[in-house]
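To keep things clear, I will list the structure first and then write my remarks on it.
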Number of protein chains: 2
Amino acid sequence: MATRKLDSIDARILSHLQRNAKLTNLELAELVNLSPSPCLARVKALERDGVISRYTALVNPASLGLNVNVFIRVRLEKQSREILASFEHAIGLREEVLDCYLMSGEADYLLRVVVPDVASLEKLTIDHLSRIPGVANIQSSFALKEVKIHSPLPVR
Amino acid sequence: MATRKLDSIDARILSHLQRNAKLTNLELAELVNLSPSPCLARVKALERDGVISRYTALVNPASLGLNVNVFIRVRLEKQSREILASFEHAIGLREEVLDCYLMSGEADYLLRVVVPDVASLEKLTIDHLSRIPGVANIQSSFALKEVKIHSPLPVR
DNA sequence: AATGAAAGACTTCCTTC
DNA sequence: GAAGGAAGTCTTTCATT
């Protein structure tokens, strides 16, 4: 990923679009003190260069009945390439797993999972996660409250 | 948060808009087999009812030089209302903290932090986090790899 | 690189079914 | 609720500076 040079106008564009991707190009141009066409050209360049990876609608999980937000730490028996690859593949298939990171330290994975209720979590853990080859240990922690969420990346 | 009744068309709308919020209303209408006006009316209703909370541009942290992604667990000495409130307020002021959850168990907080380098993480931990009143313990774990990230909520 | 103007496309509202 | 049509606005491109 080439680190593109971003000037202060690009930074302001990114800051605004993270907060509100529905800004029209006219509004955005005004916010960053540019006329519409150079503003659009910059946005397109940021998209083309992968600085902006995509645009998404943030959906409230509770409105879908997804009331349980859990972080799950998974430890593997060993970290062979095959075990890691098969674990990551299995995780890719599970829609409840919204985020998954390979972590330093005990070479764990950290998952963030959203499910309707605790029963669904149990089912996920017992029927699916624990059956993935090489999984040694699974620990769940519940998020009780979202203090801060989807905060925009600091763009300076 | 009133759990609005979502039919299968709403579900399809949400599914598409999570994947690509830049779909035009015309494209979206076609995808969900509706004509543009009822499609727009549904999207507006989903926004009004808070099912869609906002639209955001996802920005690649590496392109901003933000190469270190860390999860930080914070344990407090005690969980008095004042301590919790002041901690949450302090976290709200720190732009490097993208997400923060109050967790079950040892009544910890779990933070996700993005910074340019390890030095910045040390500075954040020592100069800021550890100085917040009531903070007893801070543990950092580095994300080595993003296996899955910003996956859309499963909408059924 | 930025500006300004023009063509085409999209959004949005209103009426009808 | 959904469809169709009309008006206004925005996007996008291009010639100009």
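The structure presented is a predicted model; accordingly, all values stated were derived computationally and were not measured.
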Any sub-3.5 Å donor-acceptor pair from A/Ser15's side-chain atoms to A/Ala11's backbone N or O? no
Rounded to the Å, how far apart are B/Glu30 CD and C/dC10 C1'? 14 Å
d(CD1, A/Ile13; C1', C/dA2) in whole Å: 13 Å
Could you tell me the separation between the NZ atom of A/Lys22 and the P atom of D/dC10, rounded to a whole number of Å? 15 Å
So if I take every side-chain heavy atom of A/Leu26 and compare against D/dC14, C/dT12, D/dC10, which nucleotide ends up nearest? D/dC10
Gap separating the CD1 atom of A/Ile149 from the CZ atom of B/Arg112, nearest 0.5 angstrom: 10.5 Å
Measuring to OP1 and OP2 of D/dG1, would you say a side-chain N or O of B/Arg42 lies under 4.0 angstrom away? no
Nearest-Å distance, CG (B/Asn25) to P (D/dG8)? 20 Å
Given D/dT13, D/dA3, C/dT11, which nucleotide is nearest the side-chain atoms of B/Pro38? D/dA3
Atom CG of B/Leu23 and atom C1' of C/dA9: how far apart are they, to the nearest Å? 16 Å
In whole angstroms, how far is the P atom of C/dA2 from the CG atom of A/Leu28? 13 Å
So does B/Glu27 have more than 12 non-hydrogen atoms from other groups sitting under 6.0 Å from CD? yes
Counting neighbours of NZ on A/Lys123 that are heavy atoms of other residues, nucleotides or ligands and sit closer than 6.0 Å, is the number greater than 12? no
Is there, by distance only and without an angle test, a donor paired with an acceptor across the side chain of A/Ser35 and the base of C/dG4 below 3.5 Å? no
Among D/dA2, C/dT3, C/dT12, the one nearest any side-chain atom of B/Leu40 is C/dT12
Rounded distance (Å) that lies between atom C1' of D/dT11 and atom CD of B/Glu27: 13 Å
Counting any heavy atom closer than 4.0 Å, what does A/Thr24 reach on the DNA or RNA strands: base, sugar-phosphate only, or nothing? sugar-phosphate
